[in-house]
Amino acid sequence: SADGEAVEDEAKEQAKEETMVEPQHIEALPRPSACVLRCEPFTAATEAAQAVLFEDDSVRGAIAGDKLQALLHGLSAAAAGAAFCLGRAALPMGAAAAEDASVPFSVSFVLQNDGAVAWPTSAALVHIAGDDFGFPMLELGPLGAGEAAQLVMDLTVRSRNVRHGLVARSAWALLDTANGEIFGPVLTVEVVGFSP
């Protein structure tokens with residue numbers, strides 16, 4: 001009957017309306033975050049390294065503008081949104097340097113969790129580009145919001161990998177190793193050769 005069909009259609013329409021859910025505004029969860037509070041001059045690990053390691057500290061600091069965009073694009077690390085150069089090591093080329101000398105040095109800096117949530121237990125500083133200089137990764141673990149930690153990267157540059165006048169850039173990223181998400185600035189170290 002027509003009355004039966006009308007009642008059935010009305011019931012279907014009412015069921016449809018009940019299952020429709022109004023879209024709701026979903027706020028993004030806070031993400032881990034980090035910044036570099038300060039960075040110390042490079043420290044040569046041996047007397048021999050001290051004799052040949054020079055530092056150009058004029059490049060130390062936040063990388064901004066076009067340089068930042070080019071760096072992050074080149075590293076496929078646009079998610080980082082920021083980068084910080086920890087410094088540039090300058091090594092002599094030619095007769096002043098051994099053919100294949102190792103130059104060990106340390107980079108010391110302070111990272112702060114500048115976000116609203118603690119870093120995940122799977123947080124790490126991971127090499128993402130260039131020569132890792134013998135420093136592929138450092139597990140960091142959780143760091144509470146507002147807390148800071150001093151990190152030391154012990155690096156070794158081999159003179160055979162350094163070219164006169166050419167800047168070689170290596171990069172590390174803070175990331176959650178459980179999901180691969182970058183959550184802090186990309187950190188870079190540069191090395192260049194020069195004629196003494």
Side-chain angles (χ1 to χ4, degrees), residues 34-77 80 82-112 123-141 143 148-175 177 182-196:
C35 67
V36 177
L37 284 183
R38 76 174 170 274
C39 183
E40 306 296 327
F42 294 167
T43 304
T46 65
E47 284 185 33
Q50 190 171 0
V52 297
L53 177 69
F54 299 91
E55 184 179 5
D56 175 359
D57 61 1
S58 68
V59 299
R60 183 181 297 123
I63 300 170
D66 292 342
K67 286 183 180 180
L68 172 65
Q69 296 310 314
L71 171 70
L72 296 180
H73 177 74
L75 296 175
S76 299
F84 190 94
C85 181
L86 299 170
R88 178 182 293 162
L91 303 174
M93 300 281 87
E99 179 73 23
D100 188 25
S102 292
V103 182
F105 64 98
S106 297
V107 181
S108 178
F109 56 99
V110 176
L111 280 179
Q112 181 182 31
L125 181 61
V126 178
H127 174 256
I128 60 170
D131 189 334
D132 71 7
F133 303 129
F135 192 90
M137 184 175 107
L138 174 64
E139 292 180 4
L140 300 173
L143 188 66
Q150 177 138 7
L151 301 181
V152 177
M153 297 171 63
D154 292 322
L155 308 177
T156 300
V157 175
R158 304 216 39 110
S159 61
R160 71 172 177 231
N161 297 335
V162 179
R163 301 289 175 256
H164 183 272
L166 296 177
V167 175
R169 179 181 293 122
S170 294
W172 292 262
L174 289 163
L175 60 85
T177 58
I182 294 175
F183 65 85
V186 168
L187 305 174
T188 66
V189 171
E190 298 178 353
V191 177
V192 66
F194 71 95
S195 295

Kindly compute the distance separating [atom1] ([X]) from [atom2] ([Y]), expressed to the nearest 0.5 Å.
X	Y	atom1	atom2	result
L53	L91	CG	CG	6.0 Å
H127	L187	NE2	CG	12.0 Å
F84	C39	CZ	SG	5.5 Å
D57	C85	CG	SG	10.5 Å
E139	L125	CD	CG	11.5 Å

Side-chain heavy-atom pair L151, S108 within 4.5 angstrom cut-off:
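Side-chain contact under 4.5 Å: no.
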Could you tell me whether the side chains of S170 and D131 share a donor-acceptor contact shorter than 3.5 Å?
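Side-chain D/A pair, S170 to D131: absent.
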Would you say S102 and R158 are linked by a side-chain donor-acceptor pair, where the criterion is simply a distance under 3.5 Å?
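The criterion, which ignores hydrogens and geometry beyond distance, is satisfied for S102 and R158.
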Might you point out which heavy atoms bring [X] and [Y] nearest each other, and give the distance in Å?
X	Y	answer
L111	L143	O-CD2, 4.4 Å
L155	D132	CD2-O, 4.3 Å
V162	V192	CG1-C, 3.7 Å
E40	R60	O-NH2, 3.7 Å
P104	T46	CG-CG2, 3.9 Å
A44	A49	CB-C, 3.8 Å

Main-chain N/O of [Y] paired with [X] side-chain donor or acceptor, under 3.5 Å:
X	Y	answer
R38	V110	no
E55	F42	yes
H164	L166	no

So that I know where these two stand, are F194 and F54 an aromatic pair - ring centroids less than 6.0 Å apart?
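Here the rings of F54 and F194 have centres that are less than 6.0 Å from each other.
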Parallel under 30°, tilted from 30 to 60°, perpendicular over 60°: which one fits the rings of F135 and W172?
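Rings of F135 and W172: perpendicular, over 60°.
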Assess the residue pair E190 and V59 against the criterion (side-chain contact (heavy atoms from CB on, under 4.5 Å)); give the C-alpha distance rounded to whole Å, side-chain angles, the decisive distance to 0.1 Å, and a yes or no.
CA-CA 9 Å; E190 298 178 353; V59 299; 4.1 Å; yes
Go through the steps to decide whether V126 and L138 satisfy the test side-chain contact (heavy atoms from CB on, under 4.5 Å), and finish with yes or no.
CA-CA 7 Å; V126 178; L138 174 64; over 6 Å; no
Determine whether V167 and V191 satisfy the following criterion, side-chain contact (heavy atoms from CB on, under 4.5 Å), listing intermediate values before the conclusion.
CA-CA 6 Å; V167 175; V191 177; over 6 Å; no
CD (Q150) with more than 12 external heavy atoms under 6.0 Å:
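Yes, the 6.0 Å shell around CD holds more than 12 heavy atoms from other groups.
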